[in-house]
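Each remark here refers to the structure printed beneath this line.
Numbered from 1 within each chain, the chains take letters A, B, ... in sequence-line order.
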There are 4 protein chains.
Amino acid sequence: MPKTEQQFKKIRDNRKEEIIDVALQLFATEGYHSTSIAKIAKKAEISKGLVYNYFKSKEELLIKVVENAAKDVYKYFDLDNNGVLETSELKSFIDGTFHMLKEKIHFWRLYLSFAFNPQILEVISRNIPQKSEKILEMMVDYFRRQGVSNPMTETMYFASVLKGIAVQYIVAPEQYPLEDMKKKLLDQFCYFNG
Amino acid sequence: MPKTEQQFKKIRDNRKEEIIDVALQLFATEGYHSTSIAKIAKKAEISKGLVYNYFKSKEELLIKVVENAAKDVYKYFDLDNNGVLETSELKSFIDGTFHMLKEKIHFWRLYLSFAFNPQILEVISRNIPQKSEKILEMMVDYFRRQGVSNPMTETMYFASVLKGIAVQYIVAPEQYPLEDMKKKLLDQFCYFNG
Amino acid sequence: MPKTEQQFKKIRDNRKEEIIDVALQLFATEGYHSTSIAKIAKKAEISKGLVYNYFKSKEELLIKVVENAAKDVYKYFDLDNNGVLETSELKSFIDGTFHMLKEKIHFWRLYLSFAFNPQILEVISRNIPQKSEKILEMMVDYFRRQGVSNPMTETMYFASVLKGIAVQYIVAPEQYPLEDMKKKLLDQFCYFNG
Amino acid sequence: MPKTEQQFKKIRDNRKEEIIDVALQLFATEGYHSTSIAKIAKKAEISKGLVYNYFKSKEELLIKVVENAAKDVYKYFDLDNNGVLETSELKSFIDGTFHMLKEKIHFWRLYLSFAFNPQILEVISRNIPQKSEKILEMMVDYFRRQGVSNPMTETMYFASVLKGIAVQYIVAPEQYPLEDMKKKLLDQFCYFNG
DNA sequence: GATGAATGAGGGTTCATTCAT
DNA sequence: TATGAATGAACCCTCATTCAT
């Protein structure tokens, strides 16, 4: 009995996801330029040619890798339905971010490695919509509601601190006291209503 | 009659510096792997071969680029003669760091781009001695003297915040309110004796 | 539908042999260092890159070329099953050597050209096991059984004469009276039992 | 007092000879292609440019190296004034050859390394007159006078044996029993009148 | 005469990508 | 769909040679 169209699609999707996973790992641990298509194919136990059956170029594969990972990340940002951030939601958001940091360190390392490579960054920002702006707005609103005198500045500071923690952790995960830092972050930005 | 030894040295030193400058710029703006020796030579208006008259390999050139830039950076860290950090010195140190961030943004972008590229990081840390540990110790000592309850954690937090600011600034220098962030940083960590 | 594994193996084996053949010829006629991969590829009517699909490096290609040729050569040395050389076997061995000298002059020229190039010699002896020692032992034993007073010296002399004939022939195959030399060699070393 | 023209010539000649000596050594130990002009200049403690002041190319330097060494070699061949070889002269010739083999092993290794490199051989034979023919003639005459039935064949055989000994010795000078071989050679070819 | 900076052609090698099967 | 042989451009690097001083 021949496979149905849906079965084929499922196979395709699985294969695709597997390639993306392998690529993410290799990109993150060895760098984008040092990871050849041949290496990805070998690790995914498929042929080089097949990679091109799913992605039309190495660049497209990169984009899909980032897109795919970004999906996971943004899950933690869709906390509120009404667009208004509560303190409890901010806490969840921070919880989520720290959790992800540990779980998806591969992705974060990759993501940050791109942040400083203008060429790759350009490719990514051209292809992947950035949702961060909306999140920032919500946060500004939150700090305003908390009575902070300069909510925009506070938001930027908060973002910087969070980014700094992430960076330090990723560079040396073993030595970094992530939990301590989380506590300090919560103390600094979430003490408002208890 | 041949040129004197000094004349040759001068030529060599000039060329070397020129190549290092060009390489820093290109490495920072286009990435290490995307910058070919040919591109460097072209921008420096010399032949490819000449680069190898001054640097044994692309890797050595990278090391020299980083070494050279690191020299500038560490100038701001040698504030104290007695190894004890005063609040005024901490302020100078922060001043210096923010100043450098603006002046040497090329270098910082390069430096951070390496922080997430394991292979390049390995090359650098194998060849360039890191002084950061000593600085951290001084800072721990500083916070202890200020009566902070957990000076080690405070130091890590401070380092994270500073790194975060640097990262955010470098990624988008135009939009980032660097001065505001500096003020907040000083408020947070240097309020002790006025 | 993809080719079967066997089909691929066949293609690979053929190509590999083809490249080895071309390389042997060029190495022998123009020297190892004067033979570029580009030249080999051109003569084999393939692209430069393809050579590296079959051989990791030029050095590995060299090793395979010598290995491959050495196989042919050592066939003539596996005359005896019991490890004891009879006069008739010695004759066959000499016959075989002279035969090979004519048939595989390319290989011999290559082989001798390496004997005097320390760097290449080093590569070869590091990678290809030498069987000559065992052959020498058998010959020493043979001369001892023939009642020669100093069998070790006789063996070295025999080896030298044989080498000398080979060298002279290879340097100027046209003018060299190979058959006459063979007769003299047999007269000198194989007259024992008739 | 300015140097006389002769003094200049002497300096030039010395320099030239020194470069030739260094080149011979390096060519012999590392191979012609692996020896760069830079390496020669460095070992001779002069500049690269100066080498080109004395030799118009690397190829010319090679020729001069061989020419120069050939002079030494042919000294041992000019034994007789009357063109007729006596047994005592043959003995001296053999003595001389073995002596040279030990003294000038560098040159011999180089010479033999060229013997199998057609391209280099071509350069040499195009530029350096070969005297070997005349020597061969003398030897043929000698064997004829000794009553050997086929003097031409005997000469070729003699030359082959001598070459074989030289080759074996040069390839592994440490292990080779050169004196034993010499004795056997004399026994074989010089026993005629005692 | 003497220097070494400078060039440029060419060598070995890698790798994204294509394509016949 | 799946394979890996095959390509070719581009990469890093070496080196004989030239030339201004």
Side-chain angles (χ1 to χ4, degrees), chain A residues 3 8 11-12 15 33-42 46-59 61, chain B residues 1-5 7-12 14-16 33-41 45-61, chain C residues 1-5 7-12 14-16 33-41 45-59 61, chain D residues 3 8 11-12 15 33-42 46-61:
Chain A
K3 293 200 180 68
F8 273 127
I11 291 174
R12 273 194 72 87
R15 271 262 205 282
H33 284 104
S34 303
T35 301
S36 65
I37 294 290
K39 221 187 252 172
I40 293 169
K42 192 171 184 179
I46 58 172
S47 72
K48 256 186 308 177
L50 194 53
V51 175
Y52 284 87
N53 214 320
Y54 293 102
F55 306 93
K56 82 171 194 293
S57 68
K58 194 184 176 186
E59 189 175 309
L61 173 56
Chain B
M1 206 161 60
K3 290 202 183 68
T4 67
E5 215 168 294
Q7 282 175 309
F8 277 128
K9 186 171 168 15
K10 201 171 171 185
I11 291 174
R12 280 192 76 82
N14 287 347
R15 268 277 190 268
K16 219 167 171 170
H33 283 108
S34 302
T35 302
S36 67
I37 295 289
K39 221 185 256 174
I40 294 170
E45 294 179 304
I46 58 175
S47 69
K48 258 189 313 176
L50 192 55
V51 175
Y52 289 89
N53 203 322
Y54 293 98
F55 305 93
K56 262 205 332 278
S57 66
K58 195 184 175 187
E59 188 174 309
E60 194 190 283
L61 174 55
Chain C
M1 205 162 60
K3 291 203 183 67
T4 67
E5 215 168 292
Q7 283 174 309
F8 276 128
K9 186 170 167 17
K10 199 170 171 186
I11 291 175
R12 279 193 75 83
N14 287 346
R15 267 278 190 268
K16 219 166 170 169
H33 283 109
S34 301
T35 302
S36 67
I37 295 289
K39 221 184 255 172
I40 293 170
E45 294 181 303
I46 57 175
S47 69
K48 256 192 314 175
L50 191 56
V51 175
Y52 287 89
N53 203 322
Y54 293 97
F55 305 94
K56 264 204 335 277
S57 65
K58 194 184 176 187
E59 188 174 310
L61 174 55
Chain D
K3 293 202 179 67
F8 273 126
I11 290 174
R12 275 192 70 88
R15 270 264 205 282
H33 284 105
S34 302
T35 301
S36 66
I37 294 290
K39 219 185 254 174
I40 293 169
K42 194 171 184 180
I46 58 172
S47 71
K48 256 186 309 176
L50 194 53
V51 174
Y52 285 86
N53 214 319
Y54 291 102
F55 306 93
K56 82 171 195 294
S57 69
K58 195 184 175 187
E59 189 174 309
E60 193 191 284
L61 173 56

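Among the nucleotides F:dC12, E:dT3, E:dG12, the one closest to any side-chain atom of C:Ile37 is E:dG12. For B:Lys58, the side-chain atoms get nearest to F:dC13 when compared with the rest of F:dC13, F:dA2, E:dT3. For C:Ile46, whose side chain is taken as the heavy atoms from C-beta onward, the closest listed nucleotide among F:dT18, F:dA2, F:dT7 is F:dT7. Closest to the side chain of B:Ser57, out of F:dC11, F:dC13, E:dG12, is F:dC13. When distances are taken from the side chain of D:Ser47 to each of E:dG8, E:dT3, F:dG4, the shortest belongs to E:dT3.
For D:Leu61 and F:dC15, the CG to C1' distance is 15 Å, given to the nearest whole Å. Taking atom CD of C:Glu5 as the reference point, atom C1' of E:dT21 lies 16 Å away to the nearest angstrom. The distance between atom NZ of B:Lys9 and atom P of E:dA5, rounded to the nearest whole Å, is 11 Å. Between B:Glu45 atom CD and E:dT7 atom P there is a gap of 10 Å when expressed in whole angstrom units. For the pair C:Tyr52 OH and E:dT14 P, the computed distance is 7 Å after rounding to whole Å. Rounded to whole Å, the distance from CD on C:Gln7 to P on E:dC19 is 21 Å. Put simply, NE2 on B:His33 is 12 Å from P on E:dA16, counting in whole angstrom units.
We find the OH-CD distance between B:Tyr52 and B:Glu60 to be 11.0 Å, quoted to the nearest 0.5 Å.
A donor-acceptor contact under 3.5 Å is formed by the side chain of A:Lys48 with the base of E:dT17. With hydrogens and angles ignored, no donor-acceptor pair under 3.5 angstrom links the side chain of C:Lys39 to the base of E:dG10.
Within 4.0 Å of D:Leu50, counting heavy atoms only, lies at least one base atom of the nucleic acid.
For the OP1/OP2 pair of F:dT1 and a distance below 4.0 Å, the side-chain nitrogens and oxygens of A:Tyr54 include no atom meeting the criterion. Under 4.0 angstrom from either OP1 or OP2 of E:dA2 there lies no side-chain N or O belonging to D:Asn53. B:Arg12 has a side-chain polar atom (N or O) that falls below the 4.0 Å cut-off from OP1 or OP2 of E:dA5.
Closest heavy-atom contact between B:Lys58 and B:Thr35: NZ-O, 2.9 Å. Considering all non-hydrogen atoms of both residues, C:Lys16 and C:Phe55 come closest at CG-CZ, 3.5 Å. For the pair D:Lys48 and D:Ala38, the tightest heavy-atom approach, listed with the atom from each and the gap, is CG-CA, 3.8 Å.
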- Writing each nucleotide of DNA chain F 5' to 3' as (, ), [, ], | or . by Watson-Crick or G-U pairing under 3.5 Å yields .||||||||||||||||||||

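In this structure, D:Asn53 and D:Arg15 have side chains that are not in contact, with every pair of non-hydrogen atoms separated by 4.5 Å or more.
Summary of the strand contacts: B:Thr35 and D:Lys56 both lie near DNA chain F, and taking for each the nucleotide with the nearest heavy atom, the more 5' one is attributed to B:Thr35. A residue-by-residue look at A:Ala38 and D:Arg15 shows that D:Arg15 has its nearest nucleotide of DNA chain E further toward the 5' end.
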